[in-house]
Amino acid sequence: MNAVSMDLDLDALALKLGALPDAPLPMPVQPLEAQFVTEIVQSGGLLGYALRLLTAPRGAAGAGN
Amino acid sequence: MPLWSPALGVAVTRFVAVTASLSAGAGGFYLFLQFGAADGFDSMDVVRSVLIFLSTFWLAWGAFTALAGLLTRPPRQPRVDGPLVSRTAILVPVYNEDPVATFARIAAMERSLQSTGLAHHFDFAILSDTRNEDVARRERLWFLRLLQETGAEGRIFYRRRTQNKGRKAGNIEDFIKRSGGAYEFGIILDADSLMEGATMVEMVRRMMAAPNLGLLQTLPNIVNARSRFGRVVQFAATFYSPVFARGLGMMQGDTGPFWGHNAIVRMNAFAEACGLPELTGPAPFGGHVMSHDYVEAALLARAGWAVRVDDDLTGSFEEGPENIVDFAKRDRRWCQGNLQHTRLLFAPGLKAWSRFVFFQGILSYIAPVFWLAFLAASIAAPLFAPPIDYFPDEAWPFPVLPVSQTSKALGLFVGVVGLLFLPKVLLLIEAGLRRRTRDYGGWLQAAASVVAEIILSSFTAPVFLMYQTRSVLQVIRGADGGWPAQSRGDGSLTLAEAWGASYWIVTTGAVVLGASQWLSPGLVLWLLPVALPMVLSPFLISWSSRPGPNGLFHTPAERASAAVLDLHRQILAEWESSADPSAALASLVERHAPVMGETPA
């Protein structure tokens with residue numbers, strides 16, 4: 001057995017012996033950021049957010065209700 | 001109804017520490033305002049007084065945390081005796097680490113667990129995020145050597161992710177999603193962590209005794225330091241940290257800390273509460289949560305789980321940076337992670353203390369900027385000062401000289417120095433009274449080590465002030481520090497290497513002295529303790545990165561080495577002496593002959 005195939009064989013053996021137990025556990029993503037902070041980031045910063053608030057049409061927040 | 005409860009104790013400690021720190025900050029503000037206004041009140045006096053308030057508050061907070069630790073003893077925690085009825089996964093995330101040293105640690109921990117007779121309740125999972133193909137190939141080879149060494153096939157696993165989504169937190173999450181259901185508990189380690197088998201068993205027993213406990217953090221001792229700087233950090237972490245951690249524990253109660261490693265988690269609690277989202281926007285403030293540990297602790301607390309640090313748990317070890325530059329690199333990563341928490345301060349449902357912990361982390365990196373801003377404002381103050389009016393009253397023909405406020409400035413100086421050094425002195429006295437100094441070579445040697453540590457940390461503080469300020473400015477202007485692999489092993493730096501990492505600090509120190517001589521010559525002498533170490537930083541960095549005489553900074557682990565440390569040294573020496581690990585794999589390969597010839601996936 002040459003050196004290359006020996007390496008491949010050892011790799012295969014390591015992967016076989018290293019295989020993790022198959023026992024899934026769900027890990028749901030948690031809400032982590034306040035809505036207004038996300039909006040600040042999406043507005044490009046505090047200044048952009050303030051401008052967006054100032055220029056938004058009055059009553060727009062309740063428009064969908 | 002009892003008059004005193006642990007929750008009341010936590011509330012009282014928090015109230016006293018916050019009130020006392022705010023009072024100290026307010027005292028500093030008042031004294032400096034009077035001092036600054038002596039030659040005429042101007043806007044720069046207000047700026048400097050506000051900066052003094054913030055900086056003094058932060059110093060006082062550290063001092064009162066230590067005091068809280070000094071005034072309390074660790075409570076006796078409940079544990080379950082008898083047979084273990086749980087399975088625990090010991091998770092070892094690796095990222096381009098040296099597999100020989102890392103896997104030798106696992107072999108040592110496995111042997112240590114075997115000596116408890118309970119090893120069959122524990123599995124190891126090596127979770128590789130390594131991107132370097134050569135290192136990955138060596139990992140696979142040394143994994144087989146590890147199995148051969150320990151005979152723990154079926155209890156030690158190895159997997160390598162094809163993508164590093166979420167970095168270390170994502171690595172752990174990937175394991176939980178794939179295999180977490182097989183375990184009640186998970187012990188999370190770093191590649192350089194070492195834990196005694198008995199400590200891991202004790203952690204499981206304490207988790208079993210407290211069904212509401214989601215995470216239990218140990219206080220890892222730094223070991224194996226060789227350089228002057230490394231040994232000073234190792235001594236400080238061992239001598240001071242238990243008391244600071246106890247103080248922190250007193251204030252945090254069930255909303256305790258997670259430092260990312262050398263801790264045990266309840267697997268279903270962690271899975272249920274700690275799935276981290278990717279933050280919107282680009283790094284450094286968006287993307288993956290970098291300092292995930294603080295966030296995971298906060299999320300566990302939000303979900304109703306207790307998070308606790310038990311500083312009485314011994315047998316928990318890690319290694320630290322060997323030089324100032326490596327320390328600063330690690331700090332750059334932590335700085336970015338902590339500043340990223342500004343986005344999480346208002347996360348829905350978090351406990352107030354978790355928000356305060358985020359705030360503390362942010363302040364710990366911004367405080368040096370306040371100090372630097374204070375120095376700059378003090379140098380520039382004469383430019384803003386109004387001319388002194390010697391004849392404020394037209395009806396009074398004689399000059400009125402400004403009242404000297406030197407005593408107030410000296411009072412402030414003494415107060416700040418006291419907040420810096422008094423906790424360490426009190427800690428030394430406490431260690432002497434409780435005979436803890438015996439483990440450090442006796443009271444005299446411990447005292448000499450404390451004094452030397454204070455002197456050396458006074459020299460290194462201005463250098464770290466500069467590194468931290470640069471880190472904060474880099475993060476604010478949007479530079480992502482990435483995920484560099486940690487430097488481990490010998491960290492000696494030549495003078496040329498040290499110069500390359502600190503020439504800008506030398507320049508800044510020279511500019512500070514020059515500007516002060518030009519604008520405020522009276523300040524030059526006061527600025528020397530800050531500016532001189534900056535000018536000499538290449539010498540300091542290089543000198544402190546080299547091994548020095550071992551007369552000082554002894555730690556208990558050095559004087560009576562823990563069994564798992566000895567095991568690690570022994571296994572590592574044996575492994576390093578064999579150039580080709582595959583030569584030792586004959587019997588393992590023979591047992592698994594049918595696999596040979598298959599191509600790896």
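Residue numbers start from 1 in every chain, and the chains themselves are labelled A, B, ... in the order their sequence lines are given, proteins ahead of strands.
Interface remark: B:F346 contributes backbone and side-chain atoms alike to the contact with chain A (heavy atom separation under 4.5 Å). The contact between A:P26 and chain B is made entirely by backbone atoms, counting heavy-atom distances below 4.5 Å. Both the backbone and the side chain of B:I176 have a heavy atom closer than 4.5 Å to some heavy atom of chain A. Interface residue B:I156: only backbone heavy atoms are found under 4.5 Å from chain A. Only the side chain of B:R302 comes within contact range of chain A, with heavy atoms under 4.5 Å apart.
Taking A:D22, A:T38, A:V41 one by one and counting their heavy-atom pairs under 4.5 Å with chain B, the maximum is reached by A:V41. In terms of heavy-atom pairs under 4.5 Å with chain A, the best-connected choice from B:G180, B:S179, B:A89 is B:S179. Between chain B and the residues A:P28, A:P21, A:P31, the largest count of heavy-atom pairs under 4.5 Å involves A:P21. Ranked by non-hydrogen atom pairs under 4.5 Å with chain A, the options B:M267, B:E139, B:E173 are led by B:E173.
With A:L13 as reference, B:L144 is the one residue of B:L144, B:L147, B:L141 to meet the side-chain contact (heavy atoms from CB on, under 4.5 Å) rule.
For the atom pair OH (B:Y158) and CG (A:L15), the distance works out to 7.5 Å, reported to the nearest 0.5 Å.
Pairs engaging residues 141-153 of chain B under the salt bridge (Lys or Arg N to Asp or Glu O under 4.0 Å) rule: B:R111-B:E149, B:R145-B:E149, B:R145-B:E574, B:E153-B:R591 [sequence neighbours left out].
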Side-chain atoms of residues 270-288 of chain B: list all donor-acceptor pairs with protein atoms under 3.5 Å, sequence neighbours left out, distances to 0.1 Å.
unit_1	atom_1	unit_2	atom_2	d
B:E272	OE2	B:W305	NE1	3.3
B:T280	OG1	B:R343	NH2	2.8
B:H288	NE2	B:G166	N	3.4

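Side-chain atoms of B:R140 and A:L10, non-hydrogen and from C-beta on, never get closer than 4.5 Å to each other. In this structure, A:Q30 and B:P348 have side chains that are not in contact, with every pair of non-hydrogen atoms separated by 4.5 Å or more. Put simply, the side chain of B:F157 does not reach to within 4.5 Å of the side chain of A:L17, judged on heavy atoms. At a threshold of 4.5 Å between non-hydrogen side-chain atoms, the residues A:L32 and B:V289 count as touching.
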